[in-house]
Chemist: 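Shown below is the structure under consideration.
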Amino acid sequence: MQSETKRIEATLSQIDEAWSRVRPGKRLTGLSINGNHVVIPTEDPESVIGSFESEVEAKAYSKAPEHIEELVSIIRALLRDREEAHRGFREIADKVNPAHEDFESQRPVDMRGVISTSRHWCRYILENQSNDLP
């Protein structure tokens, strides 16, 4: 899981780097003298950074850096949530596995610890999951 997280972070860094070169900042859409839909950076209204056949394409291009930034932050939050859930499941497994071995060998089992840890992490995961829903 850790290597997958690093791979995702590396991909996000590449996306950030690529889009930071595409004239960062606010962008406006409008029409050129020829009637083409254009994208103009607010810092330099004299330059055109994209010309498109439709207004929809121009608006999509003008919003792309903001959308990329939003997606990157969502992915990072999801990675943090996944890592937290993984830690919770690891803690549950660390309690359940020895308890299962004790049960199989007919030794006393610390069920209070197993149930308490499982309850804590299940609540945590379910509460965070319901908070993320739209």
Side-chain angles (χ1 to χ4, degrees):
M1 185 182 93
Q2 191 63 13
S3 63
E4 186 178 328
T5 300
K6 287 181 182 179
R7 183 179 57 78
I8 292 169
E9 280 291 336
T11 302
L12 293 176
S13 294
Q14 289 172 354
I15 291 170
D16 279 343
E17 185 180 328
W19 279 98
S20 68
R21 290 189 218 129
V22 184
R23 298 197 186 183
K26 291 283 185 187
R27 299 163 177 209
L28 303 172
T29 59
L31 292 172
S32 68
I33 296 171
N34 302 334
N36 294 328
H37 294 275
V38 294
V39 178
I40 304 161
T42 55
E43 306 86 33
D44 184 10
E46 296 296 318
S47 67
V48 174
I49 58 174
S51 180
F52 302 90
E53 292 181 15
S54 75
E55 183 180 7
V56 172
E57 289 176 306
K59 284 184 177 180
Y61 183 82
S62 72
K63 294 289 184 185
E66 294 169 34
H67 293 159
I68 296 283
E69 187 177 319
E70 185 178 341
L71 287 172
V72 165
S73 69
I74 289 170
I75 291 169
R76 286 193 172 126
L78 288 171
L79 286 172
R80 283 191 300 273
D81 291 348
R82 184 181 76 167
E83 288 171 1
E84 189 67 26
H86 187 266
R87 276 194 294 279
F89 287 128
R90 173 61 34 219
E91 190 174 331
I92 291 169
D94 290 347
K95 291 278 187 182
V96 170
N97 289 341
H100 182 262
E101 289 171 11
D102 288 346
F103 179 78
E104 287 294 317
S105 61
Q106 299 183 1
R107 290 188 298 235
V109 176
D110 176 21
M111 286 308 293
R112 184 179 190 282
V114 171
I115 292 171
S116 174
T117 302
S118 299
R119 182 173 177 253
H120 166 78
W121 283 107
C122 288
R123 271 191 176 172
Y124 175 84
I125 290 167
L126 291 174
E127 286 172 3
N128 283 338
Q129 181 184 20
S130 64
N131 291 338
D132 292 339
L133 297 175

Chemist: Compare every heavy atom of Gly113 with every heavy atom of Lys95, then report the nearest pair and how far apart it is.
Modeler: CD-O, 4.1 Å

Chemist: Is atom CD of Glu91 surrounded by more than 12 heavy atoms (other residues, nucleotides or ligands) closer than 6.0 Å?
Modeler: yes

Chemist: What are the two closest non-hydrogen atoms of Ala58 and Val39, and how far apart are they?
Modeler: O-CG2, 3.3 Å

Chemist: Using side-chain contact (heavy atoms from CB on, under 4.5 Å), reason through Ile8 and Leu79 one step at a time and then give a plain yes or no.
Modeler: CA-CA 9 Å; Ile8 292 169; Leu79 286 172; 3.5 Å; yes

Chemist: Would you say Leu71 ends up clustered with Tyr61 if hydrophobic residues are merged whenever their side chains have heavy atoms under 4.5 Å apart, either directly or through other cluster members?
Modeler: no

Chemist: Over 60° means perpendicular and under 30° means parallel, so tell me whether Tyr124 and His120 are parallel, tilted or perpendicular.
Modeler: parallel

Chemist: Dump the intermediate steps for side-chain contact (heavy atoms from CB on, under 4.5 Å) on Leu31 and His37, then the final yes or no.
Modeler: CA-CA 5 Å; Leu31 292 172; His37 294 275; 3.5 Å; yes

Chemist: Would you compute the distance between atom OG of Ser73 and atom CD1 of Ile68 and round it to the nearest 0.5 angstrom?
Modeler: 11.5 Å

Chemist: Of all the heavy-atom pairs spanning Pro98 and Ala93, show the shortest one and how long it is.
Modeler: CD-O, 4.0 Å

Chemist: Cluster question for you: counting only ILVMFWY and a side-chain heavy-atom cut-off of under 4.5 Å, with indirect links fine, are Met111 and Phe103 together?
Modeler: yes

Chemist: Which value, rounded to the nearest 0.5 Å, describes the distance between Ser118 atom OG and Phe89 atom CZ?
Modeler: 10.0 Å

Chemist: Go through Glu9 and Arg76 one step at a time and tell me if the salt bridge (Lys or Arg N to Asp or Glu O under 4.0 Å) criterion holds.
Modeler: CA-CA 8 Å; Glu9 280 291 336; Arg76 286 193 172 126; 3.2 Å; yes

Chemist: Using a strict 4.0 Å threshold on nitrogen-to-oxygen distance, state whether Glu55 and Lys59 make a salt bridge.
Modeler: yes

Chemist: With a cut-off of 6.0 Å (strictly less than), are more than 12 heavy atoms of other residues, nucleotides or ligands near CZ of Arg123?
Modeler: no

Chemist: Output yes when Glu84 and Arg87 qualify as a salt bridge under the 4.0 Å nitrogen-oxygen rule, no when they do not.
Modeler: yes

Chemist: Hey, what do you get for CG (Asn34) to OG (Ser51), rounding to the nearest 0.5 Å?
Modeler: 8.0 Å

Chemist: Looking only at atom types and distance, does a side-chain atom of Ser105 sit under 3.5 Å from a main-chain N or O of Asp102, one as donor and one as acceptor?
Modeler: yes

